[in-house]
Amino acid sequence: MDQGQTLSRLLESYGTDPRKRAVAAAVGAIAGASVEISELIGQGALAGITGAAHGSANADGDVQKDLDVKADETIIAAMKDVPYAALASEESDTLMMGDPQAPISIAYDPLDGSSNIDTNMTVGTIFSIIPNEPGVTPFSAPGSCQLAAGFVVYGPQTSLVLTLGDGVDIFTLDRKAKTYRLIRERVKVPADTAEYAINASNHRHWEQPVRDFVDECLAGADGPRAKDFNMRWIGSLVAEAYRILTRGGVFLYPADQRPGYGEGRLRLLYETHPMAFVMEQAGGGASTGRERVLDLTARAIHQRSPLIMGSIDKVNRIELLHTDPSAAARTAPLFGRRGLFRV
Ligand code: FBP
């Protein structure tokens, strides 16, 4: 690894054609905005950030927090010199239109996990950059067309995870120099892991395949996975994704039976598409349970999609439980509490 590599240097050398220059400009703008957002978060109440509701709701009906609004304004301001055709923000009802001839469009969640702000926990910014074709509706291509994607984690360190479609690199903010420095190159999601993350309070609303997978994990060393598992739930997508990139595991925000959750909670364009691109580029997987997230195409800006992401063996197992329900039955009688080996 080139210890001296910085994000700015990487972006400067990222190709000369107009589309690549636009991608580099967009990533640079988001990185610049994230330095400001990181400072605001670090100051918290000292900078007037309380995590209090802003008094409005975003397009999806979520109550906007003061930092949601500031982060969105900061990113929009940073985009002023970026040649984009359209911006899709979690905080905006409609697309913000730019130059229809521009080579890219950008979807972003300025502040993911904002319900964690007042508890001093990790939040983040997520982004996805897609090609724009003049005359074609922006954001109408599947997630596999993304040119770049990533997220910033505002945790004990501020780190930026980036894929330009050729592997995943992680940069950490050098706060004194206000520069992102490369800390991990060609990141790979570890395959052999024993952690899963899901909001278990929704257990009664889950579909059977999700219950089956969690039951397998809960059964531990005595169950079909023959292994004890740890459960994690931070309630902050960026923090869960960062953990998975570091030590593997699987994260599930599945579809469930609550009204409005038929496609889960997370939004496709600026949450699940970019996370899926990062995971696949790091050798992991991302699925809805029934199909690859990157094969999905958005019908609306704030469309939701289920997300099951992480170590490939876990994602594959959960997909199998969805597509072939007999897979659970094949292992359950051998290991279940009322099965052959138990009374
Ligand atoms: P926001 O986009 O409104 O911040 O919500 C997304 C999120 O906070 C994710 O970061 C997290 O994974 C999920 O919601 C937690 O949802 P729940 O509270 O339903 O467990």
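In each ligand, atom 1 is the first atom listed, and ligand 1 is the first ligand listed.
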Using a 4.0 Å heavy-atom cut-off, say whether D109 meets ligand 1 through its side chain, its backbone, both or neither. side chain

What do you reckon, does R267 have a nitrogen or oxygen under 3.5 Å from a nitrogen or oxygen of ligand 1? yes

Ionic contact status for E240 with R232, cut-off 4.0 Å: no

Proximity flag E240 to ligand 1, non-hydrogen atoms under 4.0 Å: no

So is there a nitrogen or oxygen of N202 less than 3.5 Å from a nitrogen or oxygen in ligand 1? no

Atom indices of ligand 1 within 4.0 angstrom of Y253 heavy atoms, with elements: 16 (O), 17 (P), 19 (O), 20 (O)

E319/R290 ion pair, N-O < 4.0 Å: no

Below 3.5 Å, N or O to N or O, backbone or side chain included: is there any such pair between L237 and ligand 1? yes

Applying a heavy-atom cut-off of 4.0 Å, say which part of R265 lies close to ligand 1: side chain, backbone, both or neither. side chain

Going by the angle between their ring planes, with limits at 30° and 60°, are Y242 and F151 parallel, tilted or perpendicular? perpendicular

Are E195 and R243 ion-paired here, with the side-chain N under 4.0 Å from a carboxylate O? yes

Under 4.0 Å from a heavy atom of W233: give me the atoms of ligand 1 that qualify, with their elements. 15 (C), 20 (O)

Applying a strict 4.0 Å limit to heavy atoms, is S236 in contact with ligand 1? yes

Taking both backbone and side-chain atoms of G113, is any N or O found less than 3.5 Å from an N or O belonging to ligand 1? yes

N/O to N/O below 3.5 Å, does that happen between R258 and ligand 1? no

For E271, take its heavy atoms, then give the atoms of ligand 1 lying under 4.0 Å from any of them. 2 (O), 6 (C)

Members sharing F277's hydrophobic cluster, built from side-chain contacts under 4.5 Å between Ile, Leu, Val, Met, Phe, Trp and Tyr, are L294

Test item: S38 and I41 side chains (from C-beta on) under 4.5 Å apart, heavy atoms: no

Any carboxylate oxygen within less than 4.0 angstrom of a Lys/Arg side-chain nitrogen, looking at E133 and R19? yes

At less than 4.0 angstrom from any non-hydrogen atom of S114, what atoms of ligand 1 do you find? 4 (O)

Short N-O contact, R175 and E39, less than 4.0 angstrom: no

